[in-house]
Amino acid sequence: MDYGVITFTSTYGAIYAQKVLKEVAPVQVMPVLREISLGCGIAVRFRPEDLEGVRAALAASDLKEGEYAFYAITGSGHNLKAEPL
């Protein structure tokens with residue numbers, strides 16, 4: 001995994017998660033990759049080494065489990081792969 005992304009069912013969820021996660025790890029808001037194309041169109045990117053902390057922070061937040069999904073991203077350009085985590 002080169003990096004991870006989290007997609008959300010709502011824009012509110014993405015913005016809320018960014019606030020929660022910035023206390024745990026460096027995260028970046030980005031458009032959802034077309035290889036995933038699920039959710040509200042906004043994703044949060046995180047480093048692979050921060051996966052467990054990011055998962056724990058979201059699990060402890062007000063977001064429900066079905067409101068977000070994790071993906072592992074590898075490669076770039078035409079070789080980009082997105083797989084659910």
Side-chain angles (χ1 to χ4, degrees):
M1 170 169 64
D2 293 330
Y3 61 94
V5 296
I6 310 162
T7 60
F8 302 89
T9 58
S10 71
T11 303
Y12 166 79
I15 294 168
Y16 175 76
Q18 179 191 19
K19 289 179 185 179
V20 169
L21 296 175
K22 73 179 180 180
E23 303 298 325
V24 176
V27 295
Q28 179 181 14
V29 173
M30 61 181 276
V32 174
L33 301 167
R34 72 171 172 248
E35 288 80 7
I36 300 170
S37 70
L38 297 174
C40 69
I42 300 173
V44 173
R45 178 178 172 157
F46 62 92
R47 301 179 308 189
E49 59 267 25
D50 296 324
L51 175 61
E52 293 309 314
V54 166
R55 277 193 191 273
L58 282 185
S61 76
D62 290 337
L63 290 175
K64 307 262 187 288
E65 195 171 310
E67 294 179 301
Y68 56 90
F70 284 85
Y71 291 88
I73 309 301
T74 54
S76 64
H78 294 294
N79 296 324
L80 186 73
K81 284 171 78 175
E83 298 179 15
L85 281 173

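The first residue of the sequence shown is numbered 1, and numbering continues consecutively from there. Bear in mind that the values here come from a model prediction, so they are computed numbers and not experimental data.
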If you group Ile, Leu, Val, Met, Phe, Trp and Tyr by side-chain heavy-atom gaps below 4.5 Å, do Val32 and Tyr3 land in one group?
yes
Mind checking what makes salt bridge (Lys or Arg N to Asp or Glu O under 4.0 Å) contact with Lys81, not counting sequence neighbours?
Glu83
List, one per line, each side-chain donor-acceptor pair under 3.5 Å for residues 61-68, sequence neighbours excluded.
residue	atom	partner	partner atom	Å
Ser61	OG	Leu58	O	2.7
Ser61	OG	Leu63	N	3.2
Glu67	OE1	Lys64	N	2.5

For Ala25, side-chain contact (heavy atoms from CB on, under 4.5 Å) partners two or more places apart:
Asp50, Val54
Heavy-atom nearest pair, Val44 first then Ala14, reads CG2-O, 4.1 Å
What residues, two or more places apart in sequence or in another chain, satisfy side-chain contact (heavy atoms from CB on, under 4.5 Å) together with Glu35?
Leu33, Leu80, Ala82
Apply the test side chain to side chain contact (heavy atoms under 4.5 Å, CB included) to residues Ile73 and Asp2: give CA-CA distance (whole Å), side-chain angles for both, the deciding distance (0.1 Å), then the verdict.
CA-CA 6 Å; Ile73 309 301; Asp2 293 330; 5.7 Å; no
Name the residue from Val5, Thr7, Leu85 that meets the side chain to side chain contact (heavy atoms under 4.5 Å, CB included) definition with Phe70.
Leu85
So, taking the atom named CD1 in Ile6 and the one named CG in Leu21, what distance separates them when rounded to the nearest 0.5 Å?
5.0 Å
Set of salt bridge (Lys or Arg N to Asp or Glu O under 4.0 Å) partners for Glu49, sequence neighbours left out
Arg47
Tell me whether Ile15 is reachable from Val24 by hopping between hydrophobic residues (I, L, V, M, F, W, Y) whose side-chain heavy atoms are closer than 4.5 Å.
no
How would you list all residue pairs meeting ring-ring contact (aromatic ring centres under 6.0 Å, His included) that involve residues 15-35, not counting sequence neighbours?
Tyr12-Tyr16
